[in-house]
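Structure first, commentary second.
Here is how names work: the chains are called A, B, and so on, in the same order as the sequence lines, proteins then strands, and each is numbered from 1.
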Amino acid sequence: MGGLRRLAGTPEQVAVRLRERVRVEAGLAISVGVARTKFLAKVASAVCKPDGLLVVEPDREQEFLLPLPVERLWGVGAVTAEKLHRLGITTVGQLAELEEATAERLLGRAAGAHLHALARLRDPRPVDTTRRRSSIGSQRALGTKPRTEEELDLFLTQIVDRLARRLRYGDRVCRTVVLRLRFGDFAKATRSRTVRPTDRTSVLLEVARELLATARPEIGARGITLIGLSLSQLARADSLPPELPIDWNDQARLDTVLDAVRDRFGAASVARAVQLDRDPGLDAPLLPEHE
DNA sequence: TCTGGGGTCCTAGGACCC
DNA sequence: TCTGGGGTCCTAGGACCC
């Protein structure tokens with residue numbers, strides 16, 4: 001909201017208008033937090049739910065945040081909360097009193113540093129409205145009854161179909177395919193593979209089936225209660241290099257095709273990437289045999 | 001509340017490269 | 001050649017969020 005006061009009014013006035021507009025246009029009650037940082041505004045909106053508005057003035061930040069339970073911090077879930085509770089830490093203020101190194105040892109480097117900073121009111125993250133989704137996934141809970149191979153393949157096919165369509169609809173390609181499983185005892189596992197960027201249903205289905213095949217013994221022994229797939233390492237579809245119609249696993253055919261291309265267009269018309277800009281002799285004519 | 005569904009991010013070990 | 005060093009990528013698992 002910085003610099004918008006003359007155009008839009010104070011942050012609080014903007015928040016009031018936002019709530020009113022959503023109520024009128026969508027018929028929904030929303031809660032809005034206003035503060036100096038993203039994190040504090042988020043906490044404020046959670047604290048004033050439902051249908052509330054809370055402004056945390058810059059000089060009231062400590063007084064607002066420190067007494068709150070640690071669970072209010074973004075990134076503290078059940079596991080982290082339990083770790084902290086075991087040390088007698090139940091409020092944000094108590095967490096803020098820890099040394100940063102201590103927090104990192106306790107919670108891991110990234111989470112420790114992050115939570116320590118938040119507890120001490122440090123949150124330099126800017127608002128970013130340009131982020132794109134980094135993965136898409138779909139899953140299906142199966143209940144506890146036994147499933148046949150055919151059933152599993154059907155579920156997998158449906159999931160791949162849906163994801164591949166979403167991929168193409170968004171003009172995206174993916175590189176990593178992750179199969180998610182949950183067994184009869186509700187323990188979870190993943191199997192993943194990274195391939196050349198693709199949006200082809202057939203390619204994704206093939207990879208997904210191969211991943212599922214690696215888990216077949218475990219599924220047989222333990223049963224399966226969930227199957228899912230997630231596609232990541234997404235990129236814009238137009239970032240793909242143009243594909244040559246060549247099966248790169250068929251080396252003999254590859255050689256034949258490359259020879260034909262060079263015969264017709266010259267030796268330098270096709271090169272291995274390592275040769276690019278490096279081999280001045282690439283265009284030299286081949287010595288005729290026996291001469 | 002979650003044995004629902006869709007996501008993000010981090011960690012650790014191993015392979016591999018220079 | 002490696003009982004070095006630094007780095008990236010891949011895989012698998014897990015915590016957390018809405």
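- Donor-acceptor pairing under 3.5 Å is lacking for the side chains of A/T194 and A/R175.
- When hydrophobic clusters are built by joining Ile, Leu, Val, Met, Phe, Trp and Tyr residues whose side-chain heavy atoms come closer than 4.5 Å, directly or via intermediates, A/V178 is not grouped with A/I219.
- One can place CZ of A/R182 at 11 Å from C1' of B/dG5, the figure rounded to the nearest angstrom.
- Atom CZ of A/R216 is surrounded by more than 12 heavy atoms from other residues, nucleotides or ligands within 6.0 Å.
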- Query: Which string of ( ) [ ] | and . matches DNA chain B, if you list each base 5' to 3' and count Watson-Crick or G-U pairs only when both distances are under 3.5 Å?
  - Reply: ....||||||||||||||
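- If you find the closest nucleotide of DNA chain B to A/A110 and to A/S135, the one lying nearer the 5' end belongs to A/S135.
- The distance between atom CZ of A/R133 and atom C1' of B/dG6, rounded to the nearest whole Å, is 8 Å.
- Note: CZ (A/R131) to C1' (B/dG6) measures 15 Å, nearest angstrom.
- At whole-Å resolution of the value, CD in A/Q158 and P in B/dG5 are 13 Å apart.
- Residues A/D51 and A/I30 have side chains not in contact (no heavy-atom distance under 4.5 Å, counting atoms from C-beta outward).
- In this structure, A/L212 and A/D153 have side chains that are not in contact, with every pair of non-hydrogen atoms separated by 4.5 Å or more.
- The local environment of CD in A/E82 is crowded, with over 12 non-hydrogen atoms from other residues, nucleotides or ligands closer than 6.0 Å.
- At whole-Å resolution of the value, CG in A/L229 and P in B/dG5 are 15 Å apart.
- Remark: A/R222 engages A/D185 in a salt bridge, criterion side-chain N to carboxylate O under 4.0 Å.
- Distance check: A/R5 CZ to A/Q13 CD gives 8.5 Å after rounding to the nearest 0.5 Å.
- Across all strands, A/T225 comes closer than 4.0 Å to no nucleic acid atom at all (heavy-atom distances).
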- Message: Generate the contact string for nucleotides 8-18 of chain C. Rules: B means base contact, S means sugar-phosphate contact only, - means no protein heavy atom under 4.0 Å.
- Response: --SSSS-SSSS
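- Taking a 6.0 Å sphere around CZ of A/R162, one finds it holds more than 12 heavy atoms contributed by other residues, nucleotides or ligands.
- Where A/G108 and A/Q139 meet DNA chain B, the nucleotide closest to each residue was compared, and A/Q139 sits on the side nearer the 5' end.
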